[in-house]
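If you're wondering where the values come from, they're calculated on a predicted model, not measured in any experiment. Residue numbers run from 1 in the order of the sequence given.
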Amino acid sequence: MITVKLSDSISAEDLTWVRLIWGSLLIILIARPWRHSFTRSAPMTSAVLGVTIAGTTILYMVSITRLPLGTATALQFLGPLSLSVLRARGALKWMAVIPAAGVVALTEPWQGSIDLAGVVLALGSALFFAAYIVLTQRAGDKIAGLHSLAISVPVAAIVVTMTVGASAVTRVSTDMLVAGLGVAVLLPVIPYVLEFLALRRVTAAAFGTLVGLQPAVALVVGLVFLGQVPGVLPMVGIVLVVAASVGATLTGSRNGSGKIAIASGARCLRN
């Protein structure tokens with residue numbers, strides 16, 4: 001929502017850059033990684049995680065300037081949903097048919113009015129999102145607390161700087177740069193911190209409902225705050241994605257599926 005609101009004042013790419021630059025500094029101050037001893041492989045895992053954070057963030061932020069918020073969020077959520085379906089057993093793999101039907105209903109390809117570039121961007125974000133979740137699980141196993149973020153978020157900031165160009169420093173006004181500090185606190189700092197705290201306290205069942213409601217929450221936010229009124233079929237598509245995500249979360253076979261639920265649920269705040 002913030003990205004859409006500010007799209008007239010700053011590009012989605014530059015806003016992502018501002019968020020990650022400030023987010024890096026704040027998370028480093030919070031995590032204080034110099035107090036932690038890392039294993040040999042942990043920094044590399046965290047660095048690759050940072051690349052996925054950069055990819056999923058910037059692609060999603062650009063996609064929501066081209067697509068309704070609910071549609072972009074539902075498409076992005078196909079990433080973690082696909083992971084859950086792939087980890088399901090037997091007949092549960094047929095659950096993939098439900099979100100596939102949801103995507104068709106969301107995009108209405110027969111209409112010819114959907115922004116194909118926006119769809120590609122959102123689906124690209126979904127791929128990075130899936131990789132982000134896998135790597136978050138690995139980093140969480142190797143590094144305690146928030147120390148992994150003190151590596152991954154600065155790496156994400158570097159990757160985005162290379163993507164948008166160092167000239168972003170001159171393109172972003174001083175007022176927007178200062179305002180970016182407040183935006184960075186809302187996302188990504190608070191969601192990331194909540195995510196890692198939740199990893200220690202919340203079960204998959206408790207987070208399953210929140211995960212499944214993510215596209216629906218985006219739909220409501222788009223309707224109430226942005227005036228984005230969805231058609232009947234897009235609403236049906238979001239319902240299908242929500243239903244599939246709840247089912248996959250609660251029936252997934254991996255014992256660590258709670259981590260997937262937590263990582264996905266935190267996106268309700270971050271995006």
Asker: With a 6.0 Å cut-off (strictly less than), is the heavy-atom count around CE of Met176, excluding the residue itself, greater than 12?
Answerer: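 Yes, the 6.0 Å shell around CE holds more than 12 heavy atoms from other groups.
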Asker: Treat each ILVMFWY residue as a node, draw an edge where side-chain heavy atoms are under 4.5 Å apart, and state whether Val160 and Leu25 are in one component.
Answerer: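 Same cluster.
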Asker: If I compare all heavy atoms of Tyr60 with all of Ser125, which pair ends up nearest, and what's the gap?
Answerer: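 Scanning both residues, the minimum pair turns out to be CB-OG, 3.4 Å.
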Asker: How far apart are the closest heavy atoms of Leu20 and Ala157, and which atoms are they?
Answerer: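 That closest heavy-atom pairing would be O-CB, 3.7 Å.
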Asker: Minimum heavy-atom separation for Ile64 and Ala72, please, with both atom names.
Answerer: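 Ile64 and Ala72 have their closest heavy atoms at CG2-CB, 3.6 Å.
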Asker: Evaluate the side-chain proximity of Leu121 to Arg66: yes if any heavy-atom separation is below 4.5 Å, no if none is.
Answerer: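 Yes, at least one pair of side-chain atoms sits under 4.5 Å.
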Asker: Leu116 and Leu75: same hydrophobic cluster, using ILVMFWY side-chain contacts below 4.5 Å?
Answerer: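 They do share one cluster, since a chain of ILVMFWY contacts under 4.5 Å joins Leu116 to Leu75.
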Asker: Sub-3.5 Å donor-acceptor pair from the side chain of Ser46 to the main-chain atoms of Ser152, do we have one?
Answerer: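 No: the side chain of Ser46 does not pair with the backbone of Ser152.
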Asker: Return the CG to OG1 distance between Leu49 and Thr52, rounded to the nearest 0.5 Å.
Answerer: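 The distance works out to 4.5 Å.
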Asker: Is there side-chain contact between Ile30 and Val189, with at least one heavy-atom pair below 4.5 Å?
Answerer: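 Yes; the side chains approach each other to less than 4.5 Å.
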Asker: At their closest point, which heavy atom of Ser148 faces which heavy atom of Ile143, and how far apart are they?
Answerer: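 Shortest heavy-atom contact: N-CG2, 3.6 Å.
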Asker: Side chains of Val119 and Ile114, heavy atoms from C-beta outward: is any pair under 4.5 Å?
Answerer: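 Counting from C-beta outward, Val119 and Ile114 do come under 4.5 Å.
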Asker: Evaluate the ring planes of Phe38 and His147, with Trp represented by its six-membered ring, and classify them as parallel (under 30°), tilted (30 to 60°) or perpendicular (over 60°).
Answerer: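 Correct class here is perpendicular.
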Asker: Can you give me the closest heavy-atom contact between Phe129 and Gln76, atom names plus distance?
Answerer: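 Phe129 and Gln76 have their closest heavy atoms at CD2-O, 3.7 Å.
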Asker: Do Ile21 and Leu177 touch side chain to side chain, with heavy atoms closer than 4.5 Å?
Answerer: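 Not in contact.
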Asker: State which residue, out of Thr57, Thr56, Ile58, fulfils the side chain to side chain contact (heavy atoms under 4.5 Å, CB included) condition with Phe128.
Answerer: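 Output: one option passes, namely Thr56.
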Asker: Roughly how far, to the nearest 0.5 Å, is CD1 of Ile151 from OG of Ser24?
Answerer: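 Ser24 OG to Ile151 CD1: 12.0 Å, rounded to 0.5 Å.
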Asker: Are Val153 and Leu181 linked, directly or through intermediate hydrophobic residues, by side-chain heavy-atom contacts shorter than 4.5 Å (ILVMFWY only)?
Answerer: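 In one cluster: yes.
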Asker: Can Leu149 be reached from Ile190 by stepping across I, L, V, M, F, W or Y side chains whose heavy atoms are under 4.5 Å apart?
Answerer: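 Yes, because Ile190 and Leu149 connect within a single hydrophobic cluster, where side-chain heavy atoms sit under 4.5 Å apart.
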Asker: Is there side-chain contact between Leu59 and Val120, with heavy atoms separated by less than 4.5 Å?
Answerer: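 No. Closest side-chain heavy atoms not under 4.5 Å.
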Asker: Are side-chain heavy atoms of Val18 and Asp14 found at a separation under 4.5 Å?
Answerer: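 In short, these two side chains do not touch, never coming nearer than 4.5 Å.
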Asker: Going by the rule side chain to side chain donor-acceptor pair (under 3.5 Å), which residues pair with Thr16 if we only count those two or more places apart in sequence or in a different chain?
Answerer: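 Testing Thr16 for side chain to side chain donor-acceptor pair (under 3.5 Å), a comparison that skips the adjacent residues, returns none.
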Asker: Tell me, please, which residues at least two apart from Ser41 pass side chain to side chain donor-acceptor pair (under 3.5 Å).
Answerer: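 Expected list: Lys142.
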Asker: Arg19 and Ala184: which non-hydrogen atoms are nearest, and at how many Å?
Answerer: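 In this case the closest contact between Arg19 and Ala184 is O-CB, 3.6 Å.
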Asker: Please check if Leu135 and Met44 belong to a single hydrophobic cluster, counting links between Ile, Leu, Val, Met, Phe, Trp and Tyr side chain heavy atoms closer than 4.5 Å.
Answerer: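 Same cluster.
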Asker: Could you check whether any side-chain N or O of Trp17 sits under 3.5 Å from a backbone N or O of Val169, counting only pairs where one atom can act as donor and the other as acceptor?
Answerer: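 Not a single qualifying donor-acceptor pair exists.
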Asker: Tracing side-chain links under 4.5 Å among I, L, V, M, F, W and Y, which residues wind up in one group with Trp34?
Answerer: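 Joined to Trp34, directly or through intermediates: Ile28.
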Asker: State the CZ-CG distance between Arg32 and Leu146, to the nearest 0.5 angstrom.
Answerer: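 Interatomic distance, Arg32 CZ to Leu146 CG, rounded to 0.5 Å: 11.0 Å.
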